[in-house]
Peer 1: 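Mind looking over this structure? Questions follow.
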Amino acid sequence: MLYVGVDLGTSAVKLLLMDAHGKILNTVSKEYALSFPHPGWSEQKPEDWYSQVMAGLKELLADADKSQVAGISFGGQMHGLVILDDQDNVIRPAILWNDGRTQKQTDYLNNVIGKDKLSQYTANIAFAGFTAPKILWVEENEPENFKKIAKIMLPKDYIAYKLSGVHCTDVSDASGMLLFDVKNRCWSKEMLEICHVKEEQLAKIYESYEVVGTLKADVAAELGLSTDVKIVAGAGDNAAAAVGTGTVGDAMCNISLGTSGTVFISSKEFGVDKNNALHSFAHADGSYHLMGCMLSAASCNKWWMEDILKTKNFADEQKGIEKLGENHVFYLPYLMGERSPHNNPNARATFIGMTMDTTREDMTQAVLEGVAFALRDSLEVAKSLGIKLERTKICGGGAKSPLWKKMIANILGIKVDVIETEEGPGYGAAMLAAVACGEYASVEEAAAKLVKTVDTIEPDPELTAKYEKKYQQFKQIYPACKGLFDVITEE
């Protein structure tokens, strides 16, 4: 049988066709527009997602035996607010994960309702990107739209609804809404009351590997597929990527070096750190995970290369970098503020330590190291919970750089495993579809059979010691600059 994974990203939807043995038969990518109606705002039209998903499915399956397609599942950008009226029409463009308009509502939730209560109700505190503050923003700023809301959905779940007719969500994506009781895997009645939301306005909750319905007749006819094709709940992009890299079960780690960067740690046990510096979410494998999310990771390198150095030849710029662990230049990677572990939208990217003999290579090296140091910040929080990690998987565009992977292995002091299939959320989504259709007994079994490690970067003790000293210096820079960030971002 064949399985489709749909990765609904911020700039494009990537679709993947996988056979029962995990072989990728075809991939397709379709872009859509991203709009910024005001500084700091970020929106998309859900209708654009759906039209590009349908175009992508037609292209993906053009040469396939359509009778063999058994299931479709999803990985998707998290936290986005999609609101539908009582006719299931989209009321307004979706407010995305990287939208920063909700600082007032975020402060209200954290400071008036209180972080302790939020953590008690949802295992998390409020971040500007989460869904609940967006709902409060709509209520305050667009009351007419708020009154029309019949359904509140997340981006990938809107696509699942359009294909199946079922209003659904999964536990991992719902975890990022701040409306979900993560520990008990159900909606939080207290948070619904705080956000003036009725439970019937929310979707039905599924585990990521559960079937939510089948393909609607009109959609099946348009795609040339059977109405027996199962639509599977899927997962938020990071949880789906974790499945795709085999980061399931207990104390497994995956680092994603995409536009944003994440340290994702799977756990059989529910856990929350005392400062809520890491997100505590339900995982797509039926258990839990901790996640540190930095808002700018590979995007820091892209900005430095393309906007500042005016080059697209990333590899050449890294060739002259040889003195690892000896750089005197440091870089704070906070181009869009920061989420984990600082939760500070006012944080800004900063170079420090330049002298007259600082070179272009030193600056480039500092950017790569700064991202790795910031990833370690999240790892240190996990360590404080008693989690011991010896190795991590790695994925995302930045993982294509051998130098960056070497830095991460030595700055974090753990082995870095490179996997055969670099398709992250799309591959994980296809695996979830295969589990839902009975191809594999569990997500863990699918991961064990389908995910293969092809290379491991081992940390070098001497270099790790050098980087330990540098990290101790790095982690003093943010506290020293924090007050300045508040001053320079005042309007």
Side-chain angles (χ1 to χ4, degrees), residues 1-33 46-77 155-156 158-165 209 211-235 237 240-241 243-245 395-397 400 419-440 446-447 449-452 454:
M1 304 304 287
L2 303 177
Y3 304 96
V4 175
V6 179
D7 173 15
L8 190 77
T10 312
S11 57
V13 60
K14 298 169 187 172
L15 302 100
L16 175 152
L17 184 64
M18 182 189 88
D19 71 13
H21 306 291
K23 182 181 178 184
I24 297 173
L25 305 177
N26 195 12
T27 59
V28 168
S29 183
K30 296 285 184 185
E31 294 184 354
Y32 30 68
E47 300 91 339
D48 291 348
W49 300 333
Y50 179 63
S51 64
Q52 291 299 70
V53 166
M54 289 296 285
L57 285 170
K58 290 171 186 174
E59 189 176 327
L60 184 78
L61 301 172
D63 298 321
D65 180 352
K66 294 185 178 67
S67 69
Q68 292 297 299
V69 177
I72 300 172
S73 191
F74 314 88
Q77 50 166 300
K156 76 170 193 334
Y158 175 75
I159 303 302
Y161 157 71
K162 292 290 285 184
L163 297 180
S164 69
Y209 47 81
V211 177
V212 303
T214 55
L215 210 53
K216 290 195 306 184
D218 58 331
V219 178
E222 187 177 343
L223 295 173
L225 295 172
S226 164
T227 52
D228 293 332
V229 173
K230 292 179 171 64
I231 304 302
V232 180
D237 51 6
V243 172
T245 60
C395 66
K400 292 178 172 62
I419 55 170
E420 184 177 53
T421 302
E422 256 287 347
E423 292 293 341
Y427 194 59
M431 288 167 63
L432 291 170
V435 173
C437 293
E439 198 77 60
Y440 299 94
K449 291 186 175 177
L450 301 184
V451 180
K452 298 173 178 64
V454 293

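We count residues from 1, following the sequence as given.
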Peer 1: Can you see which heavy atom on A436 is nearest to which on V232, and at what distance?
Peer 2: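 Minimum heavy-atom contact is CB-CG2, 3.4 Å.
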Peer 1: Residues in salt bridge (charged side-chain N to carboxylate O under 4.0 Å, His left out) with K400, at least two apart?
Peer 2: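 Checked K400 against salt bridge (charged side-chain N to carboxylate O under 4.0 Å, His left out); zero matches.
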Peer 1: Hey, what do you get for SG (C437) to CD1 (I72), rounding to the nearest 0.5 Å?
Peer 2: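 Between atom SG of C437 and atom CD1 of I72 there are 10.0 Å.
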Peer 1: Ignoring hydrogens and geometry, is there a side-chain-to-backbone donor-acceptor pair from Y158 to W49 under 3.5 Å?
Peer 2: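 The answer is no, because no donor-acceptor pair under 3.5 Å joins these two groups.
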Peer 1: Checking side chain to side chain contact (heavy atoms under 4.5 Å, CB included) for the pair V451/T421: CA distance, chi angles, key distance, verdict?
Peer 2: CA-CA 7 Å; V451 180; T421 302; over 6 Å; no
Peer 1: Compare every heavy atom of V435 with every heavy atom of A446, then report the nearest pair and how far apart it is.
Peer 2: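 Of all heavy-atom pairs spanning A446 and V435, the closest is CB-CG2, 3.9 Å.
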Peer 1: Nearest 0.5 Å, what's the OG1-CE distance between T245 and M431?
Peer 2: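 That separation rounds to 8.5 Å.
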Peer 1: Taking only residues two or more places apart in sequence or in another chain, which ones pass ring-ring contact (aromatic ring centres under 6.0 Å, His included) with Y161?
Peer 2: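 Scan of Y161 (ring-ring contact (aromatic ring centres under 6.0 Å, His included), adjacent residues dropped) gives H167.
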Peer 1: Can you pull the salt bridge (Lys or Arg N to Asp or Glu O under 4.0 Å) pairs that have at least one residue in residues 222-235, sequence neighbours excluded?
Peer 2: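 Qualifying pairs: K58-E222.
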Peer 1: For E31, enumerate each residue passing the salt bridge (charged side-chain N to carboxylate O under 4.0 Å, His left out) test, keeping only those at least two apart in sequence or located in another chain.
Peer 2: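 Result, salt bridge (charged side-chain N to carboxylate O under 4.0 Å, His left out) vs E31: none returned.
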Peer 1: Restricting to salt bridge (charged side-chain N to carboxylate O under 4.0 Å, His left out), what partner residues turn up for E59, sequence neighbours left out?
Peer 2: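 Expected list: K30.
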Peer 1: What side chain to side chain donor-acceptor pair (under 3.5 Å) pairs are there with at least one residue in residues 62-77, not counting sequence neighbours?
Peer 2: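 For residues 62-77, and leaving out neighbouring residues, the side chain to side chain donor-acceptor pair (under 3.5 Å) pairs sorted by first residue read Q44-Q77, D65-S67.
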Peer 1: Please enumerate all residues that pass side-chain hydrogen bond (donor to acceptor under 3.5 Å, both in side chains) together with E439, with sequence neighbours excluded.
Peer 2: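 Once residues adjacent in sequence are excluded, the partners of E439 under the side-chain hydrogen bond (donor to acceptor under 3.5 Å, both in side chains) criterion are Y3.
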Peer 1: Do any pairs count as a side chain to side chain donor-acceptor pair (under 3.5 Å) and have a residue in residues 4-28, sequence neighbours left out, and if so which ones?
Peer 2: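 Every pair satisfying side chain to side chain donor-acceptor pair (under 3.5 Å) with a residue in residues 4-28: T10-W97.
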Peer 1: So, taking the atom named CG in L8 and the one named CD1 in I159, what distance separates them when rounded to the nearest 0.5 Å?
Peer 2: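 Going from the CG atom of L8 to the CD1 atom of I159 covers 5.5 Å.
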Peer 1: Has K156 got its NZ or CZ under 6.0 Å from the middle of the six-membered ring of F74, at an angle within 45 degrees of the ring axis?
Peer 2: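 Judged by the rule (NZ or CZ under 6.0 Å from the ring centre, within 45° of its axis), K156 is not positioned above F74.
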Peer 1: Considering all heavy atoms of both residues, which atom of D237 and which atom of P425 are nearest to each other, and what is their separation?
Peer 2: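 In this case the closest contact between D237 and P425 is O-CG, 3.6 Å.
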Peer 1: I24 and L17: side chain to side chain contact (heavy atoms under 4.5 Å, CB included), yes or no, with the steps?
Peer 2: CA-CA 6 Å; I24 297 173; L17 184 64; over 6 Å; no
Peer 1: How far apart are the C-alpha atoms of V4 and L61, what are their side-chain angles, what is the distance that settles it, and do they pass the side chain to side chain contact (heavy atoms under 4.5 Å, CB included) test?
Peer 2: CA-CA 9 Å; V4 175; L61 301 172; 4.3 Å; yes
Peer 1: Distance check, rounded to the nearest 0.5 Å: L163 atom CG versus T214 atom OG1?
Peer 2: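 Here the interatomic distance stands at 11.0 Å.
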Peer 1: Do Y427 side-chain atoms and A240 backbone N/O form a donor-acceptor pair below 3.5 Å?
Peer 2: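 Checking the backbone N and O of A240 against the side chain of Y427, no donor-acceptor pair under 3.5 Å is found.
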Peer 1: So V454 and I419, do their side chains get closer than 4.5 Å, heavy atoms only?
Peer 2: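 Side chain of I419 against side chain of V454, heavy atoms only: no contact under 4.5 Å found.
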Peer 1: Rounded to the nearest 0.5 Å, how far apart are CG of L60 and CG of L223?
Peer 2: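 The CG atom of L223 is 10.5 Å from CG of L60, to the nearest 0.5 Å.
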Peer 1: Working to the nearest 0.5 Å, report the span between OH of Y32 and CD of Q52.
Peer 2: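 Y32 atom OH to Q52 atom CD measures 8.5 Å (nearest 0.5 Å).
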Peer 1: Please list, chain by chain and in numerical order, all residues satisfying side-chain contact (heavy atoms from CB on, under 4.5 Å) with S164, sequence neighbours excluded.
Peer 2: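 Per chain and number, S164 pairs via side-chain contact (heavy atoms from CB on, under 4.5 Å) with V166, V212, I231.
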